[in-house]
Amino acid sequence: MKLHELAPAEGARSKRTRRGRGLGSGLGKTAGRGMKGQKSRTGASIRTGFEGGQMPIYRRLPKRGFKNIWAKVYAEVNVSTLNRFEDGAKVDPVALVEAGILKNVHDGVRILGDGELTKSLTVVAHGFTKTAQEKITAAGGKVEVI
């Protein structure tokens, strides 16, 4: 086989439809655009959210409140979920993702104090609640803030 003999399989490639090329083509005259109206004209493009001149819904609805675009989103983990790890293990954001506890670290990991901890672990995270710190140290573990 030579390079010039290469060809796609029979029926794998179909010809592009040529619109507006006479009545016999099946897509002649109006070329599938219908009769009249804004969308039948050449160069017609209607922007997203346009409602034919009616006041669009995004302008009719009242705007309220404030969205802080600099707010940090923390991935939160309860103390009780840390029991999955072996005794004496070092638990950091990477270990939490590998264990399948977290999908995404976001802006950091925060440990919350819900539940009980039975194993002594070295927990490394971006933030801890007071109760979480107390429960980790009470179980014989260490708390490290990144």
Side-chain angles (χ1 to χ4, degrees), residues 1-119 121-133 135-136 141-146:
M1 180 175 273
K2 295 185 175 71
L3 204 58
H4 70 273
E5 293 171 350
L6 288 174
E10 198 62 47
R13 308 282 238 130
S14 56
K15 279 193 163 182
R16 148 183 97 82
T17 56
R18 296 179 70 221
R19 292 166 173 261
R21 291 295 180 272
L23 292 171
S25 70
L27 278 172
K29 197 185 167 209
T30 55
R33 287 172 177 255
M35 297 297 270
K36 295 180 226 170
Q38 187 176 9
K39 287 195 232 167
S40 72
R41 314 290 184 212
T42 55
S45 60
I46 306 156
R47 72 169 184 275
T48 310
F50 184 69
E51 295 181 25
Q54 173 176 297
M55 189 63 69
I57 193 152
Y58 65 86
R59 289 194 57 198
R60 292 198 302 267
L61 293 174
K63 273 50 167 185
R64 276 187 56 103
F66 170 75
K67 177 78 173 160
N68 184 3
I69 58 169
W70 296 285
K72 289 194 173 172
V73 178
Y74 288 100
E76 296 171 342
V77 178
N78 281 312
V79 165
S80 57
T81 30
L82 300 178
N83 284 319
R84 283 199 211 173
F85 293 96
E86 291 147 28
D87 220 5
K90 185 178 180 183
V91 180
D92 58 350
V94 177
L96 290 167
V97 172
E98 283 172 2
I101 295 168
L102 291 178
K103 212 180 250 184
N104 196 343
V105 177
H106 299 293
D107 293 322
V109 177
R110 192 147 194 263
I111 309 296
L112 309 178
D114 191 43
E116 292 302 315
L117 185 65
T118 55
K119 297 173 180 172
L121 304 166
T122 305
V123 185
V124 181
H126 298 86
F128 296 86
T129 60
K130 270 186 189 170
T131 52
Q133 271 183 325
K135 286 178 182 179
I136 293 166
K142 270 199 245 168
V143 170
E144 289 178 30
V145 180
I146 301 174

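- Rounding to the nearest 0.5 Å places CD of Q38 at 8.5 Å from OG of S45.
- K130 places no side-chain N or O within donor-acceptor distance of the main-chain N or O of G113, the cut-off being under 3.5 Å.
- Judged as a side chain to side chain contact (heavy atoms under 4.5 Å, CB included), and not counting sequence neighbours, the contacts of L6 are M1, L3.
- Scored by the side chain to side chain contact (heavy atoms under 4.5 Å, CB included) test, Y58 finds R47, P56 as partners (sequence neighbours excluded).
- Shortest non-hydrogen contact noted between G20 and A31 is N-CB, 3.8 Å.
- For residues 56-83, the salt bridge (charged side-chain N to carboxylate O under 4.0 Å, His left out) pairs, not counting sequence neighbours, are E51-R60.
- Among residues two or more places apart in sequence or in another chain, the side-chain hydrogen bond (donor to acceptor under 3.5 Å, both in side chains) test is passed with N78 by none.
- You'll find the side chain of K39 reaches within 4.5 Å of the side chain of I46, heavy atoms only.
- Taking both residues in full, the closest heavy atoms of H126 and Y74 are given as CB-CE2, 4.2 Å, listed atom of the first, atom of the second, then distance.
- We find the CG-CD1 distance between L82 and I136 to be 6.0 Å, quoted to the nearest 0.5 Å.
- In this structure, K90 contributes its side chain and V123 its backbone to no donor-acceptor pair below 3.5 Å.
- Note: S80 OG to D114 CG = 5.5 Å, rounded to the nearest 0.5 Å.
- Residues V124 and I146 form a side-chain contact, since some pair of their non-hydrogen atoms from C-beta on lies under 4.5 Å apart.
- Every pair tested for side chain to side chain donor-acceptor pair (under 3.5 Å) that includes a residue from residues 9-36 fails, sequence neighbours excluded, so the list is empty.
- Here the CZ-NZ distance, from F128 to K135, works out to 14.0 Å after rounding to the nearest 0.5 Å.
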Pair up each side-chain donor or acceptor in residues 91-111 with any protein partner under 3.5 Å, not counting sequence neighbours, and list the distances.
| from | atom 1 | to | atom 2 | distance (Å) |
| --- | --- | --- | --- | --- |
| D92 | OD1 | A95 | N | 3.1 |
| N104 | OD1 | H106 | N | 3.2 |
| D107 | OD2 | V73 | N | 2.8 |

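- Legend: residues meeting side chain to side chain contact (heavy atoms under 4.5 Å, CB included) with E86, ordered by chain and number and at least two apart, are absent.
- In this view, T118 and N83 satisfy the side-chain hydrogen bond (donor to acceptor under 3.5 Å, both in side chains) rule, not counting sequence neighbours.
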